[in-house]
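First the structure, in the form of structure tokens, and then the observations on it.
Values below: every heavy atom of this structure, side chains too, minus hydrogens, waters and symmetry copies.
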Amino acid sequence: MSRKPISFRTELPLLVWLVIVWGALWRDFSPGNLLFGALIAIIVAKLFYLPPVELSGRFNVLRAFRFALMFLGKVAAASFLVLYLAVVKGPSVRSAIVAVPLRSHSDLMVTATGHVISLIPGSLVVEVDRSTSTLYLHALNMKTEEDIQKIRREVQDIEARLIRIMGTREELDALQSEQRPGVKGAAL
């Protein structure tokens, strides 16, 4: 299997992250341990092929702060809903596997969206189709087609918020053109 060489600059964020994880696992951030972690990180990156995570080079701190507040609100509300469903409804709660197509084909955006959704109680990503950027969710309390459409809109809203925070310029432009009045498919 031949692979396209990855530049050191592109691979650097991965290596730094692996060194941080190494230090956290050993609970030792001494220079010697971090140097050894860097050596292990380089060996792992060279031996095991990992597709490079391409960062957009943009990050909106204000939108990230608002996203964090929205996320905490959703977690709290969903926690109470799951509690209610477990105590009051019990086994009669209906769940469904819902396919949610995403706009972005970036591994970073698909992964970030999937993780955010999985951290909100009541939904869990059970499968990801990388070729079509589709998340398959197990979602609680799905009684009607409207409930299914609502969860799809919520996931796509979270993806849109993540694109506004750290998406590429192309993803952001596509999102903005999708939301202009009069453009077919304008949503969110």
Side-chain angles (χ1 to χ4, degrees), residues 1-76 78-79 100-138 154-176:
M1 174 178 120
S2 67
R3 67 179 188 173
K4 188 173 90 174
I6 301 168
S7 72
F8 182 74
R9 183 174 180 236
T10 303
E11 208 167 52
L12 188 60
L14 170 67
L15 296 175
V16 169
W17 177 248
L18 289 174
V19 170
I20 291 170
V21 168
W22 178 264
L25 288 172
W26 288 101
R27 295 186 203 161
D28 180 9
F29 288 93
S30 66
N33 190 48
L34 294 179
L35 186 62
F36 187 70
L39 179 66
I40 297 292
I42 291 169
I43 291 170
V44 165
K46 294 301 175 195
L47 287 180
F48 302 105
Y49 175 70
L50 298 170
V53 175
E54 307 259 344
L55 302 174
S56 67
R58 51 177 299 281
F59 187 84
N60 188 314
V61 176
L62 182 60
R63 287 191 185 269
F65 180 72
R66 283 190 260 166
F67 181 83
L69 292 176
M70 178 274 310
F71 173 72
L72 291 174
K74 282 189 177 287
V75 168
S79 297
V100 182
L102 300 178
R103 297 172 189 86
S104 176
H105 289 277
S106 156
D107 287 341
L108 179 62
M109 278 303 142
V110 172
T111 303
T113 304
H115 281 297
V116 168
I117 293 304
S118 290
L119 289 171
I120 298 172
S123 60
L124 178 69
V125 176
V126 294
E127 182 70 38
V128 177
D129 185 348
R130 248 179 106 200
S131 64
T132 62
S133 288
T134 302
L135 298 179
Y136 293 90
L137 310 176
H138 177 271
E154 286 178 11
V155 172
Q156 290 171 339
D157 177 54
I158 287 172
E159 180 200 22
R161 289 172 185 259
L162 288 169
I163 288 172
R164 287 186 197 102
I165 293 169
M166 62 182 177
T168 64
R169 181 59 51 201
E170 294 80 24
E171 291 169 334
L172 191 59
D173 290 343
L175 182 65
Q176 288 171 343

Residues L39, I43; criterion side-chain contact (heavy atoms from CB on, under 4.5 Å); working and verdict
CA-CA 6 Å; L39 179 66; I43 291 170; 4.2 Å; yes
Step-by-step salt bridge (Lys or Arg N to Asp or Glu O under 4.0 Å) determination, R103 to E171
CA-CA 8 Å; R103 297 172 189 86; E171 291 169 334; over 6 Å; no
For a side-chain contact (heavy atoms from CB on, under 4.5 Å) check, start with the C-alpha distance between L137 and V100, then their side-chain angles and the critical distance, and finish with the verdict.
CA-CA 8 Å; L137 310 176; V100 182; 4.0 Å; yes
Criterion side-chain contact (heavy atoms from CB on, under 4.5 Å) on L102 and V155, from CA distance to verdict:
CA-CA 8 Å; L102 300 178; V155 172; 4.0 Å; yes
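Every residue two or more places apart in sequence or in another chain was checked for a ring-ring contact (aromatic ring centres under 6.0 Å, His included) with Y136, and none qualifies. Under the side chain to side chain contact (heavy atoms under 4.5 Å, CB included) criterion, A68 pairs with no residue at all, not counting sequence neighbours. Every residue two or more places apart in sequence or in another chain was checked for a side-chain hydrogen bond (donor to acceptor under 3.5 Å, both in side chains) with S79, and none qualifies.
Side-chain N or O atoms of E159 include none that pairs as donor or acceptor with a backbone N or O of V110 at under 3.5 Å. With hydrogens and angles disregarded, no donor-acceptor distance shorter than 3.5 Å links the side chain of D129 to the backbone of T134. A donor-acceptor pair is defined here as one N or O able to donate and one able to accept, closer than 3.5 Å; such a pair exists between the side chain of Q156 and the backbone of P101.
Counting heavy atoms from C-beta on, the side chains of I42 and L18 never come closer than 4.5 Å.
Using the six-membered ring where Trp is involved, W22 and W26 have ring planes that are tilted, between 30° and 60° apart.
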